[in-house]
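Note on naming: letters A, B, ... go to the chains in the order of the sequence lines (proteins, then strands), and numbering restarts at 1 for each one. Source: prediction; values computed, not measured.
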Number of protein chains: 2
Amino acid sequence: MSARDALLDAYQSLLQEAGERATTLTAVAARAGVSKGGLLYHFASKEALAAGLIARLDALVEEDLAQMRAAADGPSRYYVRTSVWTGGALDNALIAVAQLAQESHVEAQRAMRRAREQWLELIGTEVDEEATAHAILLLGDGLYFDAALGGGTDPAEPGRFSPEQLMPIVDRLLRAARE
Amino acid sequence: MSARDALLDAYQSLLQEAGERATTLTAVAARAGVSKGGLLYHFASKEALAAGLIARLDALVEEDLAQMRAAADGPSRYYVRTSVWTGGALDNALIAVAQLAQESHVEAQRAMRRAREQWLELIGTEVDEEATAHAILLLGDGLYFDAALGGGTDPAEPGRFSPEQLMPIVDRLLRAARE
DNA sequence: GTCTATAGTACGATAGAC
DNA sequence: GTCTATCGTACTATAGAC
């Protein structure tokens with residue numbers, strides 16, 4: 001793995017576990033196993049780290065959308081199924097960027113909005129009824145909210161959700177929307 | 001209004017609009033119209049501000065639970081209806097405390113978990129099926145996530161939800177769970 | 001009860017050796 | 001490509017006048 005990726009990983013995991021405040025250049029460098037000077041060779045500023053993370057998220061969302069389009073069980077079920085916390089690359093990037101977005105980082109907010117719009121659009125190809133499409137999107141948002149609150153590290157926490165539990169609910173929403 | 005409340009309001013609104021990083025003692029004091037020294041007379045430390053905000057949230061949640069218990073349309077419908085962003089006192093306090101929680105503030109995380117558990121418990125008195133109760137809780141979480149991402153200031157933003165849109169969905173979930 | 005002044009610390013970023 | 005040393009800034013909190 002390149003030093004650049006290691007630094008981006010350290011930045012991402014710190015954002016997620018400790019928040020934006022605690023994610024200092026010193027802390028990121030330490031976690032990646034380099035000095036602050038070493039970090040700043042690869043990312044000239046803290047803003048460059050944020051831009052790198054957002055670019056990573058954009059790429060992962062693109063991949064996710066392709067899989068969502070191809071999902072055998074349809075986009076809605078794919079979306080909810082994969083919004084449950086798995087610790088996957090997209091989950092982690094999304095929670096980290098959400099942290100930036102909440103600190104009023106404009107580009108992070110834009111990236112989050114972009115991703116949500118595209119997910120909603122794909123859900124819309126399966127369910128005509130707008131309210132149902134929105135409700136399905138909200139279920140995913142709720143799952144990310146829960147993951148973001150706890151730092152997203154403990155998958156066995158009470159109140160955490162499983163796909164097995166949630167999929168019948170999605171089925172009902174889809175069925176009801178078709179009637 | 002007491003100076004204490006004015007300072008707490010300033011702290012809360014800054015957390016919400018600008019994030020934890022930008023919520024410095026100087027910024028809070030300026031928004032409340034006092035000097036830094038004036039602020040520190042009422043709240044001896046930044047931690048005291050956080051504790052004050054969490055206490056405020058606890059009180060508002062308590063009030064909300066009482067209204068939720070007494071709601072004519074039942075706790076589930078009340079919960080979703082009031083989770084849509086209204087700019088009310090509870091909404092604002094909740095988003096602000098969520099910001100603290102995401103910066104790894106342990107007491108803020110505890111307060112969020114406490115509130116969610118109590119809401120879920122009340123929803124559970126109406127809905128026996130656990131999966132449905134969780135789905136309803138998730139809808140509310142999703143609504144707060146959306147509000148938190150944008151800073152919660154613009155109620156007319158596209159992708160925002162209305163109670164009119166969401167209530168039929170809740171009705172369907174409740175009906176389906178009873179069958 | 002509110003102010004100014006300032007101490008002490010930690011941050012982001014630069015400079016230059018290797 | 002990575003390091004150490006350091007500059008300038010901004011933060012939390014204290015001290016003491018009014």
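- For the pair Arg21(A) and Ala44(A), nearest-nucleotide mapping onto DNA chain C gives the more 5' position to Arg21(A).
- You can see that DNA chain D meets the heavy atoms of chain A within a 4.0 Å-exclusive cut from dG1(D) to dT12(D), reading 5' to 3'.
- As judged by a 4.0 angstrom heavy-atom cut-off over every strand, Ser35(A) is placed among the base-contacting residues.
- Among residue pairs with one or both ends in residues 167-179 of chain A, those qualifying as salt bridge (charged side-chain N to carboxylate O under 4.0 Å, His left out) are Arg77(A)-Asp171(A), Arg172(A)-Glu129(B); sequence neighbours excluded.
- For residues 134-144 of chain B, the salt bridge (charged side-chain N to carboxylate O under 4.0 Å, His left out) pairs, not counting sequence neighbours, are Arg116(B)-Asp141(B).
- Taking each heavy atom of Ala135(B) and Leu139(A) in turn, the nearest pair found is O-CD2, 3.6 Å.
- Ser45(A) is linked by a side-chain contact (heavy atoms from CB on, under 4.5 Å) to Glu47(A), Ala48(A), counting only residues two or more places apart in sequence or in another chain.
- Sorted by first and then second residue, the ring pair (Phe, Tyr, Trp, His ring centres under 6.0 Å) pairs with a member in residues 104-129 of chain B read Tyr79(B)-Trp119(B); sequence neighbours excluded.
- For the side-chain contact (heavy atoms from CB on, under 4.5 Å) test, residues two or more places apart in sequence or in another chain that qualify with Ala111(B) are Ile54(B), Leu57(B), Asp58(B), Arg114(B).
- Counting only residues at least two apart or on different chains, the salt bridge (charged side-chain N to carboxylate O under 4.0 Å, His left out) pairs with a member in residues 89-107 of chain A are Glu107(A)-Arg110(A).
- Near DNA chain C, meaning a heavy atom under 4.0 Å away, the residues from residues 36-43 of chain B are Gly37(B), Gly38(B), Tyr41(B), His42(B).
- Nearest-nucleotide mapping onto DNA chain C: of Gly33(B) and Ser45(A), the residue sitting toward the 5' end is Gly33(B).
- Screening residues 42-68 of chain B for ring pair (Phe, Tyr, Trp, His ring centres under 6.0 Å), with sequence neighbours left out, gives no hits.
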